[in-house]
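Count residues from 1 along the sequence. We use all heavy atoms of the structure for the numbers below, so side chains are in, but hydrogens, waters and symmetry mates are not. Just so you know, these numbers come straight off a predicted model, no measurement behind them.
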Amino acid sequence: MNIKEMAKLAGVSCATISRVLNDSGYVKEDTRKKVMEIIKEYNYTPNMIARSLSSKDSFNIGVMIPNVGEKQYGKILEGIAKEISKNGYSIVFMDSENDLKTEKKWLEEVKNQHMKGLILVPVCSENKELRSALQGLEAQGTAVVLTEKEVKNAGMDGVFADGFRGAYEGVCRLIEKGCKKICIAAGQTDHDTAVEERCRGCLQALEDNGISAAEDMVLREAEDITRMFQGKKLPDAFFALNETIADLCVKELFKCKKQGAEKVVFMGMDAESTAKILGEEMLSVERDGRKQGKEAAKLLLEAFDTEENDRIRGKRVMIPYKIT
């Protein structure tokens, strides 16, 4: 007897059987007793590897991110791991190294190993080949949940930080502090829906507050940031939309010898480490990465507990930002 047959007999999901076998996660007491009675009746010996081979029902969940070194991803991973482990599944971690070929290679591994599910931060949001691969995984029976970045037109479940709202509120706070000439240090936004949303939020906030957003005040290249600090006059504020850009802005600010540089208001988004260094000299716009990971895991587990024909895809969970 494999786990699917046991689940059918008990009238529960495979995930519930897993939680009983591994004594992890919440299971109603009457359900637990029912499963244990079946185990006893059929003299069932839980052997994870044999079970996976016989039923092709893997207990492995893949988690793929573009760069393990980024602190925010570490928090997301922590949230995923905590939720997944208590529900009886194992995590297979994959680092795509922000490279499309590496991402493709790992996706083949997910397919070949018949992983139960995949939580993915895609390298690129506009990638038809990736979209096709993910849809193929779901057709095979591997549930997919996206986080951090969308894959356009893929129709996958996802948990995302509300970058638009976070950036919008960040700019509004700068305006409340009297800033009118606000420089948006966005970095590259091409094919990255998360950064695009943040940038769009900033521009919308400026417009709603009657402030014109000059094209040269949205910086997308490192050279543009250096050039801004070397210009004749500094802006009232710099708003860096990720930690890498925030670090660059801080370095340039420290090198800047211009009069009035100390009056420039500095704000960073997802730049917690930089904020700790600058202390009160920097405003920080942060989201709860651990909660984001936890919600992604919960969405995946929910897919496991839902019959394929009853599953509604395209669910969205948004994680809010707060200004500190």
Side-chain angles (χ1 to χ4, degrees), residues 3-4 7 12-22 24-27 48 51-52 55-66 68 72-96 103 106-107 109-122 125 130-131 133-151 154-161 194 287-319:
I3 194 169
K4 284 187 177 178
V12 297
S13 69
C14 292
T16 299
I17 298 293
S18 170
R19 288 195 283 269
V20 173
L21 291 172
N22 291 281
S24 61
Y26 173 74
V27 179
M48 196 73 78
R51 188 164 64 233
S52 294
S55 67
K56 291 187 178 180
D57 187 20
S58 171
F59 277 70
N60 289 335
I61 290 175
V63 178
M64 194 190 309
I65 63 171
V68 69
Q72 194 61 41
Y73 289 145
K75 291 181 179 180
I76 292 172
L77 279 171
E78 187 180 333
I80 292 171
K82 191 171 183 180
E83 191 67 23
I84 290 298
S85 62
K86 74 180 185 181
N87 282 279
Y89 292 95
S90 299
I91 287 179
V92 178
F93 170 70
M94 297 162 280
D95 187 347
S96 66
E103 181 181 65
W106 282 123
L107 286 171
E109 283 297 309
V110 173
K111 178 182 177 181
N112 293 337
Q113 292 185 33
H114 292 272
M115 290 187 188
K116 182 75 172 175
L118 172 67
I119 298 175
L120 170 70
V121 178
S125 298
L130 172 61
R131 182 176 67 208
L134 295 180
Q135 290 171 338
L137 284 175
E138 289 229 314
Q140 172 185 285
T142 299
V144 178
V145 170
L146 302 174
T147 190
E148 198 64 10
K149 296 179 187 177
E150 175 66 276
V151 175
M156 302 291 161
D157 293 347
V159 179
F160 308 101
R287 40 61 192 269
D288 188 340
R290 293 180 185 85
K291 180 176 175 59
Q292 185 173 339
K294 180 179 180 180
E295 291 298 325
K298 287 171 69 175
L299 207 54
L300 194 68
L301 293 168
E302 182 183 310
F304 297 165
D305 282 334
T306 306
E307 290 294 332
E308 184 66 20
N309 294 336
D310 297 332
R311 186 180 166 200
I312 300 172
R313 289 174 173 80
K315 293 179 181 177
R316 289 290 178 274
V317 177
M318 302 303 292
I319 304 299

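Under the rule for a side chain to side chain contact (heavy atoms under 4.5 Å, CB included), the partners of Leu130 that lie at least two apart in sequence or sit in another chain are Glu103, Leu107, Leu120, Pro122, Asn127, Leu134, Val151. Here Lys298 pairs with nothing under the side-chain hydrogen bond (donor to acceptor under 3.5 Å, both in side chains) rule; sequence neighbours left out. Taking Glu150 as the reference, Leu146, Phe160, Thr193, Arg316 meet the side chain to side chain contact (heavy atoms under 4.5 Å, CB included) condition, with sequence neighbours excluded. With sequence neighbours excluded, the residues forming a side-chain hydrogen bond (donor to acceptor under 3.5 Å, both in side chains) with Arg287 are Glu148, Asp270, Gln292, listed by chain and number. For Ala81, the side chain to side chain contact (heavy atoms under 4.5 Å, CB included) test picks out Ile91, with sequence neighbours left out. Gln72 is linked by a side-chain hydrogen bond (donor to acceptor under 3.5 Å, both in side chains) to nothing, counting only residues two or more places apart in sequence or in another chain. In terms of the salt bridge (Lys or Arg N to Asp or Glu O under 4.0 Å) criterion, residue partners of Lys315 (sequence neighbours excluded) are, by chain and number, Glu302.
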Quiz item: Can you check side chain to side chain contact (heavy atoms under 4.5 Å, CB included) on Met94 and Leu118, steps first, answer last?
Solution: CA-CA 10 Å; Met94 297 162 280; Leu118 172 67; 4.1 Å; yes

Practice problem: Could you give me the CA-CA distance, side-chain angles and deciding distance for Lys82 and Lys86, then say whether side chain to side chain contact (heavy atoms under 4.5 Å, CB included) is met? | Solution: CA-CA 7 Å; Lys82 191 171 183 180; Lys86 74 180 185 181; 5.7 Å; no

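Between Ala296 and Val145, the shortest heavy-atom contact is O-CG1, 3.9 Å. The two atoms that bring Met115 and Glu109 nearest to each other are CE-O, 4.5 Å, heavy atoms only.
Because its NZ or CZ atom is both nearer than 6.0 Å to the ring centre of Phe304 and within 45° of the ring axis, Lys116 counts as a cation-pi partner of that residue.
By the 4.5 Å heavy-atom criterion applied to side chains, Asp157 and Arg313 are counted as neighbours. Between Asp95 and Trp106, the closest side-chain pair of non-hydrogen atoms is not below 4.5 Å. Considering only heavy atoms from C-beta on, Lys111 comes within 4.5 Å of Leu137 through its side chain.
Rounding to the nearest 0.5 Å places CD1 of Ile80 at 9.5 Å from CD1 of Ile61.
Crowding of Lys294 atom NZ: a count of heavy atoms from other residues, nucleotides or ligands under 6.0 Å not exceeding 12.
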